[in-house]
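Here the structure comes first, spelled out in structure tokens, and everything after it is commentary.
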Amino acid sequence: MTDNLENESEDLPEQIAIRMAKREKLNDLSDAYPVSLPLTHTISEVRAEFPDLEIDAVTGKKVAIAGRVVFARNTGKLCFATLQAGDGERIQAMVSLDKVGEENLELYKELVDLGDHLFVDGEVITSKRGELSILVESWKMAAKTIRPLPNLHNELSEEFRVRHRYIDLIVRDRAREVVKIRSQVMQSLRNTFANDLYLEVETPMLQSMHGGASARPFKTHMNAFDMELFLRIAPELYLKRAVVGGIERVFEINRNFRNEGADSTHSPEFAMLEAYQAYGDYSTMAELTQKLIQNAAQDVFGTQVVALDGGEENDLSGEWDRVSMFESLSSAAGQEITPETPMAELKKIADKVDIEIDHPLHGKYVEELWEHFVKPGLKKPTFVMDFPVDTSPLTRDHRDKKGVVEKWDLYIRGYEQATGYSELVDPVIQRERFVAQAALAKTGDPEAMKLDEEFLKALEFGMPPSGGMGMGIDRLLMSLTGLGIRETILFPLVK
RNA sequence: GGGCCUCUAGCUCAGUUGGUUAGAGCAACGGACUUUUAAUCCGUGGGUCGUGGGUUCGAUUCCCACGGGGCCUACCA
């Protein structure tokens, strides 16, 4: 592909060279890119005003509209063009010899291509086949296109869509629809929070110390302070500072960055929602999460049983199941597994089902086994409650059960959708767990956290008992649409 | 990271068991056509077959390396 249009014209692909020449001629005659156009209507407005005209009708109504030419059918003295607005609405323009005259008709045929933005004004009529049309009295180039549009009769390849999303948006209804759905979902989430009196904040994305999750960060460098900075892997430690400061219901929707694998469910930058509520706990947050998702489905689709892209349905209605991690694992594995079950016993089970686990933590074994035995069977939205203590260093011990913390993961259609906690607010225990993590970091675990002294100091000023939750926005869109993550992100990272 | 597959015209794809001039549809160009709906009809042009190297009389085809993409697999949300 030629990326530089300043090359000699003979180096350009044929179609681009021809369009460049047309652009020149338009500029000579008037302007290929006029600064403004005297529009009177949008295409949707015209359609809304004349929904049911008879065949071959005239209205006497003059309108001036613009749209991108997506189909063109030229006969000798009458030309048809299908004009498309940004929202996908289309209308037909008819350019006829007796309305515009010979010169303008010839210029139209010579200079207007598929893909161009065209301005027309004229009377609203219907054609002899009943198609709602503008009978053009004058036309004007609104913006000349230099590159040809892909053909509209084949699906674009996945790669082409992702690399040239702007073209995808022009030619594919579903692409436009997903952008709209995503925007409406965001609006709905914010409405649900607002109704619960939450405040939205924005916390640092450039951090001198990355924390709040276990993941490898992206590193960068700040020249002015000559310091190493990290792109955040989570906003948690700052949102908790906000709670300490008295912002008792707080949430943030923003990007996290994780320097790890990319596949159909993981993007290196992804939109994250986190929320904290003083005097709530993990149960409160489970209710909130269910409400956020059900409201989003209801607000955007008008139903909590959403239709997915592949033809399946995703039933998000009703009260969602809550199962205990250890209990569901025990019954699936056919033997009692508790936080006291010896490592040797866990290893024996892992060996028996042929999964390899190389990790020093007891809880890691439990989670791996759970993912093997229980996770594949989860279809309905399900909160998996009460995780092992040693894999959740920022979480509070369970109020009744020994060896587990008050944490849940929400699974929808078999993958992790959200997570929630009763937050650990005891500064002494938090420090102990951080120190243990830092020790792990020294042994080479690149995901372990460093000591965030300022965060610990904040806890020492007293954080009220709180619930917290986090949810991947891109994954929420996946649950609501059935699309892959690269289709829910408008411009996903490509190499 | 490991394994397998893939890259051909602006777009979507055929094809070449190594052999003259690499095809189709849409798009483009020239012509005909005043009611088309992916308009139709006649004609024409457009390609360093991802990049570099090798084998060969001859490579788009076979081999190697590199780059892009996909799927499976391992890890993270």
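Values below: all heavy atoms of this structure, side chains included; hydrogens, waters and symmetry mates excluded. In what follows, chains carry the letters A, B, and so on, assigned in the order in which the sequence lines appear, proteins first and then strands, with residues in each chain numbered from 1. Source: prediction; values computed, not measured.
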Whole-Å distance between B/C11 C1' and A/Y166 OH? 13 Å
Is the distance from OP1 or OP2 of B/C76 to the nearest side-chain N or O of A/K364 less than 4.0 Å? yes
Would you say A/S96 reaches B/U34's phosphate, i.e. side-chain N/O to OP1/OP2 under 4.0 Å? no
Under 3.5 Å, is there a donor-acceptor pair between the A/E252 and A/T203 side chains? yes
Quick one: A/E14 CD to B/A28 P, roughly how many Å, whole number? 10 Å
May I have all residue pairs that pass salt bridge (charged side-chain N to carboxylate O under 4.0 Å, His left out) and include part of residues 154-164 of chain A, sequence neighbours excluded? A/E158-A/R486, A/E159-A/R163, A/R161-A/E487
Considering every strand and a 4.0 Å limit on heavy-atom distances, what is the contact class for A/D98: base, sugar-phosphate, or nothing? base
Pair A/D116-A/T145, side-chain donor/acceptor within less than 3.5 Å: yes
With a non-hydrogen cut-off below 4.0 angstrom, is A/L97 in contact with a base, only sugar-phosphate, or nothing? base
Geometric class of the A/H164/A/F160 ring pair [parallel <30°, tilted 30-60°, perpendicular >60°]: tilted
Any donor-acceptor pair under 3.5 Å between the side chain of A/Q15 and the base of B/A27? yes
B/A28 P sits how many Å from A/E110 CD, rounded? 14 Å
Using a heavy-atom cut-off of 4.0 Å across all strands, would you classify A/E159 as base, sugar-phosphate, or nothing? sugar-phosphate
Quantified in whole Å, what is the P atom distance between nucleotide B/C66 and nucleotide B/U21? 33 Å
Pairing residues for A/F373 by the ring-ring contact (aromatic ring centres under 6.0 Å, His included) criterion, not counting sequence neighbours: none
Applying a 4.0 Å non-hydrogen cut-off, can you work out what A/A72 is touching in the nucleic acid: base, sugar-phosphate, or nothing? sugar-phosphate
Pairs where residues 66-75 of chain A contributes a residue and the test salt bridge (charged side-chain N to carboxylate O under 4.0 Å, His left out) is met, not counting sequence neighbours: none
So does A/H153 reach the base of B/C26 with its side chain, donor to acceptor, closer than 3.5 Å? no
Using the P atom on both, measure B/G19 against B/U12 and round to a whole Å. 27 Å
Contacts of type ring-ring contact (aromatic ring centres under 6.0 Å, His included), residue A/F257, not counting sequence neighbours: none
Using atom P in both nucleotides, what's the gap between B/C5 and B/A65 to the nearest angstrom? 14 Å
Could you give the distance separating B/C57 and B/C13 at their C1' atoms, to the nearest angstrom? 34 Å
First of A/S157 and A/T126 reached from the 5' end of RNA chain B, by closest nucleotide: A/S157
Taking atom C1' in both B/C62 and B/G23, compute the distance separating them and give it to the nearest angstrom. 23 Å
Is the phosphate of B/U34, meaning OP1 or OP2, less than 4.0 Å from a side-chain N or O of A/K77? yes
Whole-Å distance separating the CG atom of A/L111 from the P atom of B/A28: 14 Å
Does the ring center of A/W139 lie less than 6.0 Å from the ring center of A/F119? no
Distance between P atoms of B/U61 and B/U16 (Å, rounded): 14 Å
Indicate whether the side chain of A/D98 and that of A/S96 have a donor and an acceptor atom separated by less than 3.5 Å. yes
Salt bridge (charged side-chain N to carboxylate O under 4.0 Å, His left out) pairs touching residues 361-373 of chain A, sequence neighbours excluded, are none
Please give, in whole Å, the distance from B/C26 P to A/D113 CG? 17 Å
For B/C29 and A/K22 - does any side-chain N or O of the residue sit under 4.0 Å from the phosphate oxygens OP1/OP2? yes
Please classify the nucleic acid contact of A/R161 as base, sugar-phosphate, or nothing, using heavy-atom distances under 4.0 Å. nothing
Taking atom types as modelled, find out whether A/Q277 and A/Y198 have a side-chain donor-acceptor pair closer than 3.5 angstrom. yes
Can you run through RNA chain B from 5' to 3' and write each base as (, ), [, ], | or . depending on how it pairs? Watson-Crick or G-U wobble, both distances under 3.5 Å. (((((((..((((.....[...)))).(((((.......))))).....(((((..]....))))))))))))....
Donor + acceptor pair across side chains of A/R47, A/T42 (<3.5 Å): no
At 4.0 Å (heavy atoms only), tell me whether A/Q92 reaches a base, stays on the sugar-phosphate, or touches nothing. base
For a quick test of reading the model: is some side-chain N or O of A/R73 closer than 4.0 Å to OP1 or OP2 of B/U34? no
May I have the distance from A/N151 (atom CG) to B/C26 (atom P), rounded to whole angstrom? 9 Å
Atom pairs and distances, donor-acceptor, side-chain atoms in residues 380-388 of chain A, under 3.5 Å, two or more places apart:
unit_1, atom_1, unit_2, atom_2, d
A/T382, OG1, A/K380, O, 2.8
A/D386, OD1, A/Y282, OH, 2.7
A/D386, OD2, A/K401, NZ, 2.7

Please list, by residue number, the residues of residues 267-277 of chain A whose heavy atoms come closer than 4.0 Å to an atom of RNA chain B; answer none if no residue qualifies. A/S267, A/F270
Restricting both atoms to N or O, compile the protein contacts to nucleotides 1-9 of chain B shorter than 3.5 Å, with distance only.
none

If only side-chain N and O atoms count, and only distance matters, is there a donor-acceptor pair under 3.5 Å linking A/S188 with A/N295? no
Dump every N/O contact between nucleotides 40-43 of chain B and the protein below 3.5 Å, one line per pair.
none

Can you list the steps and then say if A/N256 with A/R232 is a side-chain hydrogen bond (donor to acceptor under 3.5 Å, both in side chains)? CA-CA 6 Å; A/N256 288 348; A/R232 75 177 191 191; 3.0 Å; yes
Rounded distance in Å - CG (A/L132) to C1' (B/U37): 14 Å
Identify whether any heavy atom of A/I167 sits under 4.0 Å from a base atom; if not, whether one sits that close to sugar-phosphate; answer base, sugar-phosphate or nothing. nothing
On a whole-Å scale, what distance lies between the C1' atoms belonging to B/A28 and B/U20? 28 Å
Which whole-number value in Å describes the distance from A/E368 CD to B/A74 C1'? 11 Å
Which residues pass the ring-ring contact (aromatic ring centres under 6.0 Å, His included) test with A/Y411, sequence neighbours left out? A/W370
Using the salt bridge (Lys or Arg N to Asp or Glu O under 4.0 Å) definition, which of the options A/R147, A/R23, A/K22 pairs with A/D113? A/K22
No-hydrogen, no-angle side-chain donor-acceptor test under 3.5 Å, A/R90 and A/Q84: yes
Expected output is a numbered-order residue list: members of residues 468-495 of chain A with a heavy atom under 4.0 Å from any atom of RNA chain B. What is it? A/R475, A/R486, A/K495
Rounded distance in Å between the P positions of B/G47 and B/U8: 16 Å
